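Just so we're clear, the structure is a prediction, and the values are computed from it rather than from any experiment. Start at 1 and go down the list; that is how both ligands and their atoms are numbered.
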Amino acid sequence: MNQIINGKTLAKSIREEVKKRVDVLKEQIGKVPHLVVILVGEDPASQSYVKAKERACLTAGMKSTLLQKDDTMTEEDLLNLIKQLNDDVDVHGILVQLPLPNHMDANLVINTIRKDKDVDGFHPLNIAALHIGEPGILPATPKGIMTMLHSTGIPLKGKNALVIGRSNIVGKPVAALLLKEHATVTIAHSRTVDLKSLCLQADIVVAAVGRAHMVTADMIKPGAVVIDVGVNRVNGKLVGDVDFDAAKDVASYITPVPGGVGPMTIASLLQNTVECFLSLEKK
Ligand code: NDP
């Protein structure tokens with residue numbers, strides 16, 4: 001009964017779809033979406049994430065600019081750079097790679113990005129739009145997770161959904177999106193008592209914690225859909241928050257790590273960049 005939701009394959013088809021849209025835009029209006037990514041500092045994980053984003057943009061036929069800044073950059077200089085990009089009609093998406101150095105206030109930095117160029121969907125106005133059901137830009141990882149859930153064809157309405165983790169970038173927005181689709185949503189976190197019994201009631205489990213294999217097969221209701229967002233390194237190997245090998249025999253659908261949610265995040269970012277471009281072109 002178990003099926004693997006292959007994030008790589010799904011992401012590939014989304015990226016091809018985005019490329020087709022970009023090719024049409026190029027032909028019709030002679031312009032393509034332009035994403036600017038700002039990286040402050042030299043965090044190796046951040047460097048590899050921004051490179052992957054840049055490659056994905058270029059492969060989709062979009063323009064991509066990576067601005068790499070020294071971690072001695074002042075917050076004021078970063079805010080001024082964002083303001084310049086906000087006003088630049090040739091820029092359609094702005095992404096500031098997190099985490100930022102300690103001397104910078106990440107909230108202030110994100111709040112400075114124009115909401116209609118906020119391809120990460122982290123601006124408070126985009127978060128507010130999500131919660132009140134208005135159109136806005138969705139954060140990329142939660143958007144990718146919803147695409148994966150939709151790909152199963154299973155209706156979400158009335159299902160018990162458990163989101164483990166309540167971060168602003170994954171847990172809370174995923175919960176809001178599930179609620180919007182009429183699931184009955186529970187959010188678990190580090191102070192939750194008896195996670196196992198909540199899990200066993202859930203038709204859909206989204207694990208976004210960052211603890212290797214914390215969701216074991218005996219915690220999963222037979223036939224549940226399991227989305228594993230976690231990325232953990234164990235003995236040099238990437239693993240998720242779910243004990244995939246055992247859980248796959250209990251779940252109806254399950255995502256692997258790697259090759260699950262990760263590729264969907266970048267595909268969703270490309271979709272967001274096209275959406276920003278289209279909404280700016282209408283103005
Ligand atoms: P955060 O560290 O911001 O949040 C983790 C959440 O897990 C917190 O809400 C925390 O609770 C909760 N938590 C911690 N311990 C437990 C526990 N024992 N039981 C239940 N809940 C617990 O992480 P993120 O949301 O940023 O990321 C989560 C994971 O997803 C990470 O592994 C990250 O690498 C990965 N990730 C993957 C992405 C992808 O594209 N594949 C994108 C983004 C993240 P509390 O709030 O009480 O502290």
Side-chain angles (χ1 to χ4, degrees), residues 4-12 14-15 37 43-53 55-56 95-100 106-107 110 119-122 127 130 137-149 161-178 185-202 205-216 218-220 226-234 237-244 254-272:
I4 315 292
I5 310 175
N6 188 326
K8 261 194 200 162
T9 311
L10 200 51
K12 186 167 175 272
I14 292 172
R15 287 164 63 157
V37 176
D43 176 61
S46 294
Q47 278 181 331
S48 88
Y49 293 146
V50 297
K51 294 254 158 63
K53 289 168 187 175
R55 260 198 316 273
L95 185 155
V96 178
Q97 184 66 40
L98 299 177
L100 284 168
N107 286 335
I110 300 300
V119 283
D120 253 342
F122 292 163
I127 294 168
L130 163 62
I137 301 159
L138 297 177
T141 302
K143 179 172 176 155
I145 291 169
M146 296 310 288
T147 307
M148 291 181 120
L149 285 171
L162 175 69
V163 180
I164 317 176
R166 56 174 165 180
S167 71
N168 288 333
I169 62 165
V170 189
K172 283 183 201 153
V174 168
L177 288 166
L178 286 163
V185 183
T186 304
I187 306 177
H189 46 78
S190 65
R191 272 72 150 194
T192 295
V193 177
D194 201 0
L195 182 64
K196 183 175 177 179
S197 71
L198 290 175
C199 261
L200 282 168
Q201 292 169 48
V205 177
V206 179
V209 176
R211 290 186 61 175
H213 293 171
M214 70 168 282
V215 178
T216 47
D218 62 334
M219 293 168 74
I220 294 166
V226 179
I227 307 286
D228 191 353
V229 191
V231 179
N232 312 286
R233 202 168 274 279
V234 175
K237 203 178 147 213
L238 282 190
V239 299
D241 289 347
V242 178
D243 179 5
F244 178 83
I254 187 165
T255 65
V257 177
V261 174
M264 294 300 291
T265 299
I266 292 194
S268 304
L269 172 71
L270 297 183
Q271 289 177 315
N272 281 353

Q: Heavy atom to atom 12 (C) of ligand 1, shortest distance: which of Gly171, Gly144, Gly165 holds it?
A: Gly165
Q: Classify the contact between Ile164 and ligand 1 as side chain, backbone, both or neither, using a heavy-atom distance cut-off of under 4.0 Å.
A: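 Side chain only.
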Q: Should one rank Met214, His189, Met264 by closest heavy-atom distance to atom 21 (N) of ligand 1, which comes out on top?
A: His189
Q: If you measure from CE on Met148 to CD1 on Ile254, what distance do you get to the nearest 0.5 Å?
A: 11.0 Å
Q: Identify the heavy atoms of Ala56 and Ile266 that sit nearest to each other, and give their distance.
A: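 So the minimum-distance heavy-atom pair works out to CB-CG2, 3.4 Å.
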Q: For atom 22 (C) of ligand 1, find the nearest protein heavy atom and state the residue, atom name and distance (0.1 Å precision).
A: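 Among all protein heavy atoms, the one nearest atom 22 (C) of ligand 1 is Ser190 N, 3.5 Å.
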Q: So, taking the atom named CZ in Arg166 and the one named OG1 in Thr192, what distance separates them when rounded to the nearest 0.5 Å?
A: 7.5 Å
Q: Any chance you could measure Asp228, atom CG, to Ile5, atom CD1, to the nearest 0.5 Å?
A: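 If I round to the nearest 0.5 Å, the distance is 11.0 Å.
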Q: Is the shortest distance from a heavy atom of Ile169 to ligand 1 less than 4.0 Å?
A: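 Flag set, Ile169 near ligand 1.
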Q: Nearest protein heavy-atom contact for atom 31 (C) of ligand 1: which residue, which atom, what distance?
A: Gly210 CA, 3.7 Å
Q: What's the shortest heavy-atom distance between Ser167 and Pro173, and which atoms?
A: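 Reported closest heavy-atom pair: O-CD, 3.6 Å.
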Q: With backbone taken as N, CA, C and O and side chain as the heavy atoms from C-beta onward, which portion of Thr141 lies under 4.0 Å from ligand 1: side chain, backbone, both, or neither?
A: side chain
Q: Would you give the length of the straight line joining atom NE2 of His189 to atom NZ of Lys172, rounded to the nearest 0.5 angstrom?
A: 10.0 Å
Q: Can you give me the closest heavy-atom contact between Met219 and Met214, atom names plus distance?
A: SD-O, 3.5 Å
Q: Just going by heavy-atom distances, which of Val229, Leu98, Val170, Val209 is nearest to atom 23 (O) of ligand 1?
A: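 Going through Val229, Leu98, Val170, Val209 one by one, Val209 has the nearest heavy atom to atom 23 (O) of ligand 1.
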Q: Provide, to 0.1 Å, the distance between atom 18 (N) of ligand 1 and the closest protein heavy atom, together with that atom's residue and name.
A: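 Looking only at protein heavy atoms, the one closest to atom 18 (N) of ligand 1 is Arg211 NH1, 2.9 Å.
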Q: Please could you name the atoms of ligand 1 that Arg191 approaches to less than 4.0 Å, counting only its heavy atoms?
A: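 Those atoms are 47 (O).
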Q: Could you identify the single nearest non-hydrogen protein atom to atom 4 (O) of ligand 1 and state the distance to 0.1 Å?
A: Ser167 CB, 3.9 Å
Q: Are the side chain of Thr255 and the backbone of Gly260 linked by a donor-acceptor contact shorter than 3.5 Å?
A: no
Q: Does Asp241 reach ligand 1 with a nitrogen or oxygen that is under 3.5 Å from one of the ligand's nitrogen or oxygen atoms?
A: no
Q: Please report which non-hydrogen protein atom sits nearest to atom 33 (C) of ligand 1, along with the residue it belongs to and the distance in Å to one decimal place.
A: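 Of every protein heavy atom, Val231 N, 4.3 Å lies nearest to atom 33 (C) of ligand 1.
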Q: By number and element, which atoms of ligand 1 are closer than 4.0 Å to a non-hydrogen atom of Gly262?
A: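 This gives 40 (O), 41 (N) as the contact atoms.
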Q: Quick check on contacts: which atoms of ligand 1 are under 4.0 angstrom from a heavy atom of Thr265?
A: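 Those qualifying, in numeric order: 39 (C), 40 (O).
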Q: For the CD1 atom of Ile227 and the CG atom of Leu149, what is their distance to the nearest 0.5 Å?
A: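 One gets 4.0 Å once the value is rounded to the nearest 0.5 Å.
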Q: Can you give me the closest heavy-atom contact between Leu195 and Ala188, atom names plus distance?
A: CD1-CB, 3.6 Å
Q: What is the closest protein heavy atom to atom 8 (C) of ligand 1, and at what distance does it sit?
A: Arg166 N, 4.0 Å
